[in-house]
Amino acid sequence: MLSIHFIRQNPDAVIQGLTKKHVENASEKVQQILKIDQSYRDNLILLEQKRSEMNKLSKSIGAEMSKGNKELAEQFKAQTSLMKKDIEVLEKNNEELQNELHQSIVALPNIPHESVPNGKTAEDNVTVYENQRSKEIFEGALPHWDIAKEKNMIDFETGAKIAGAGFPLYKGWGAKLQRALINFFLDKATAAGYIEMQPPILVNPDSAFATGQLPDKEGQMYYVHQDDFYLIPTAEVPITNIYRDMILEEKDLPIKNCGYTPCFRREAGSYGAHVRGLNRLHQFDKVEIVQITSPDKSYQALEEMVEHVKELMENLELPFRILALCGGDMSFASAKTYDFEVWSAAQKRWLEVSSVSNFETFQANRLKLRYRTGDKKTELLHTLNGSALALPRIVAGLLENHQQPNGSIYIPKALQSYLGIDKI
RNA sequence: GGGGAGGUGGCAGAGUGGUUUAAUGCGUCGGUCUUGAAAACCGAAGACCUGAAAGGGUCCGGGGGUUCGAAUCCCUCCCUCUCCGCCA
């Protein structure tokens, strides 16, 4: 969430940023927040004055009692009883105003970095890189769901029988390919200096709130009623929450973590041809990279993460492109996002396989994640994360782009040692 | 799931209703001393909110209550340790 201090000091920048993200009535919303904030502070000053008086008087009751001045003490008691009523009213106002303020700030998305392109929808995203691999494929090439079936690698029907649609069963080389990709991605992340974490994949509401899933994406997460847990939609949630409520030292930065987890998404309301096969699942596997940096280093870190993902894609020998998302297409919490898309040869369209974002202080503010600066002050850190990578559409890309006219599937060199074979 | 013990500053650990402004120790930082360091000695140091500042307020696991006043008493939830049960 945006910090109230920032909104107070830069109302125009906030309005501009929200407008760039295509938030409706941005100006009214910000003005409203400033108004509530002012009443909150006015009320707080009164409340604290009263409390101060009350504290003094209460203390003197103790002092008089110990001196034996019972009568005076009783007199003070009567006075404090009256003050207490005033304080109760002020406290109630305080609580209400604070809640109101919190609710309205929490509803605001992050504001975009100045370098984020203008635009409203995916149409307006800007391609910043596209590699030179051929997007052409031979006549009669198959979509991945046909290949997977033919090679007996993925069984969607049995997955549906066990759990439901969107829960595939990987079999044989399909299962081994999953394992190979996970290991490959983790090894590359480790080599790039990310410390591997294996976190819980159920999280409590505090964690889901801190990274911005609550309240914004409540309906997108699976929820375990009995114990009040959410199934993670991404490893970003548990890994970033490692650092909730922490004050780090500058020498500990940057923090670089990676982790493999399954991810769970309800994907409520999305149906149709585009969700066929591996295109959209309720459960999928992903290796995530997370960085926590000081504010002045975060955009450098973002580019570094993009380079890391780019190298993975090159290693997999896939045709891909990188998009800078426009203001309107970015997620709630993000200040800047790059998407990676793999070309689906058979479906003749781009599939998103990675999203790399800088959240600046948006998550850190909720996480209460700070660091001590050179002059001993505490300041919010910047959090970043990226998929490196999400498996299903990578598998789709591998099957479709690497299928050969003779029916075999070429395994890219980088994966051969993990899989132990050079074609399926 | 059942019983027991506990949750206090970076850590350890005192504190069972009124100068708690949370003792003490360790660790940290600064200083003295020293060629430098160690030791010793002296001193400093929390987070958050509010305020132009001085200052004020809040915080002893979370929430609620009793009281003029709560780390301290009551209720409730969470967590940790431990014994028993169950179990990969």
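Residue numbers begin at 1 in each chain, while the letters A, B, ... track the order of the sequences. Computed from a prediction, not measured in an experiment: that's the story for all the values here.
OP1 or OP2 of B:G51 has at least one side-chain nitrogen or oxygen of A:R41 nearer than 4.0 Å.
Mapping A:R370 and A:E53 onto RNA chain B via the closest heavy atom, the residue that lands nearer the 5' end is A:R370.
In this entry the distance linking CZ of A:R8 with C1' of B:G51 reads 11 Å, nearest Å.
A donor-acceptor contact closer than 3.5 angstrom is absent between the side chains of A:Q220 and A:Q213. Side-chain atoms of A:N204 and A:Y230 form no donor-acceptor pair, as typed in the model, at a separation below 3.5 Å.
Spacing between B:C73 and B:C79 at atom C1', rounded to whole Å, works out to 23 Å. Going from the P atom of B:C78 to that of B:G62 covers 15 Å, rounded to whole Å.
At a threshold of 4.0 Å, the pair A:K171-A:D155 counts as salt-bridged, since one of the basic side-chain nitrogens sits closer than that to a carboxylate oxygen.
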Just distance, no hydrogens or angles: give the donor-acceptor pairs under 3.5 Å from side chains in residues 417-424 of chain A, sequence neighbours left out.
| residue | atom | partner | partner atom | Å |
| --- | --- | --- | --- | --- |
| A:Y418 | OH | A:D187 | OD2 | 2.6 |

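Taking the salt bridge (Lys or Arg N to Asp or Glu O under 4.0 Å) definition, one finds that A:K20 meets it with nothing, sequence neighbours left out.
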Per-nucleotide protein contact string for nucleotides 59-79 of chain B, where B marks a base within reach and S marks sugar-phosphate only (heavy atoms under 4.0 Å, - for neither): ---------BS----------
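Looking at A:K217, its side chain never comes within 3.5 Å of a backbone N or O of A:P233 through a donor-acceptor pair.
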